[in-house]
Amino acid sequence: MGKKHPDSSLSPQELLTQLNFSHFIELIRVEDTLKRHFYEVEAVKNAWKVRDLARAIDTLLFERTGLSANKAAVIAKIRNNQKVEMTDVIKNPYLLEFLGLEEKSEYTEHDLESAIIDHLQHFLTEMGRGFCFEARQKRITFDNVHYRIDLVFYHRILKSHILLDLKLGRYDHADAGQMNLYLNYYRKHEMSEGDNPPVGIILCADKNDALVEYTTTGLSNEVFVSKYLVQLPSKETLEAFIRNEMNP
C-alpha cells in the first residue's frame, strides 16, 4: 500500500483500483481538498458510476450531507437507477450561500427573489436536475385582484409545473392556503395534455414541522415546505462526518 492522503483512509492505489479515468476527471474539478476526499470516499464506498459522482457534485451532496440528520439516506438517493419521486426532487434544506447576500438592516422577499434571478444558473443546479425556469412574478387575477407567484419552473422529468413561493421569515399557516390557490389555478388553466398536476414549494427561512403537517395534510395539491440556508455547515462538522464514513 502506498502513502495515504493526509485526510483520507484511501491510498492512491485504492483510488486507482476502484475508480476509472472519468471519475478522476469529475474529481479534479473539486478544488477544495476536504470536499474532494469526501467524494472519493463515497464514490468508492457506494461503487458510484461516473454519472452518479457527477450528480453528487452538481447537487452539493457534500454540503447537504453535513446538514442532514439522516446522512445515509441523503447519500443513498444518489445511487443510479432509482425511480424519481417528488420527494426526491424537492429538497430540504436548499443551500443558497452562492447568493452572496450582504448584511443589511432589513431584507425583503423581492431582494431574495432578485438575488436568485441574478444567480439563476447556480439556483437551478441547487434545485436539482430537471428544473427549467419558466416565469418570474407570474400574475393570476380574480375579479380584478392580482396575485403573483414568485417563481415558476417546469420539471421535464416529472412533467409538472413547480410553483415556488419565497418567504423571508418563518412559515405561517396562511402560506399553505395561498399556495393551494395558485396550484388550483394552474391545475385548471395552465396544464397541457400529458402534464401531471402542479406542485408547490414554499421556501422559507424557518418552519415548525408540526404546523407544516397540520396545514398541508389533506390538501388536494402537493405542497412542500422547505427551509433555505445562506451559510454552509462548519468545516469541523464535515470533517467529523468524513472520519466516521472512513471508520464505520
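Between Ile157 and Gly130, the shortest heavy-atom distance links the atoms CD1-CA, 4.3 Å. Across all their heavy atoms, Gly200 and Leu183 have their closest contact at N-CD2, 3.6 Å. Summarising the geometry of Leu34 relative to Asp32, their closest heavy-atom pair is N-OD2, 3.2 Å, with the distance given to 0.1 Å.
Proximity of Leu166 to Leu164: side-chain heavy atoms (C-beta onward) are separated by under 4.5 Å at one or more points. A 4.5 Å side-chain heavy-atom check between Leu181 and Phe142 finds at least one atom pair inside the cut-off.
The hydrophobic cluster containing Ile28 does not contain Val41, counting ILVMFWY residues as joined when their side-chain heavy atoms lie under 4.5 angstrom apart, directly or transitively. Following chains of ILVMFWY side-chain contacts shorter than 4.5 Å, one can reach Tyr185 starting from Tyr182, so the two form part of one hydrophobic cluster.
Side chain of Asn20 to main chain of His23: a donor-acceptor pair is present (N/O by atom type, distance under 3.5 Å, no hydrogens or angles). For the pair Ser160 (side chain) and Pro197 (backbone), a donor-acceptor distance under 3.5 Å is present. In this structure, Asn184 contributes its side chain and Asn180 its backbone to a donor-acceptor pair below 3.5 Å.
Taking Asp195 as the reference, Tyr154, His161, Met191, Ser192 meet the side chain to side chain contact (heavy atoms under 4.5 Å, CB included) condition, with sequence neighbours excluded.
Around the OH atom of Tyr214, the shell of radius 6.0 Å holds no more than 12 heavy atoms that belong to other residues, nucleotides or ligands. For Phe21, the CZ atom sits in a loose shell: 12 or fewer heavy atoms of surrounding residues, nucleotides or ligands are nearer than 6.0 Å.
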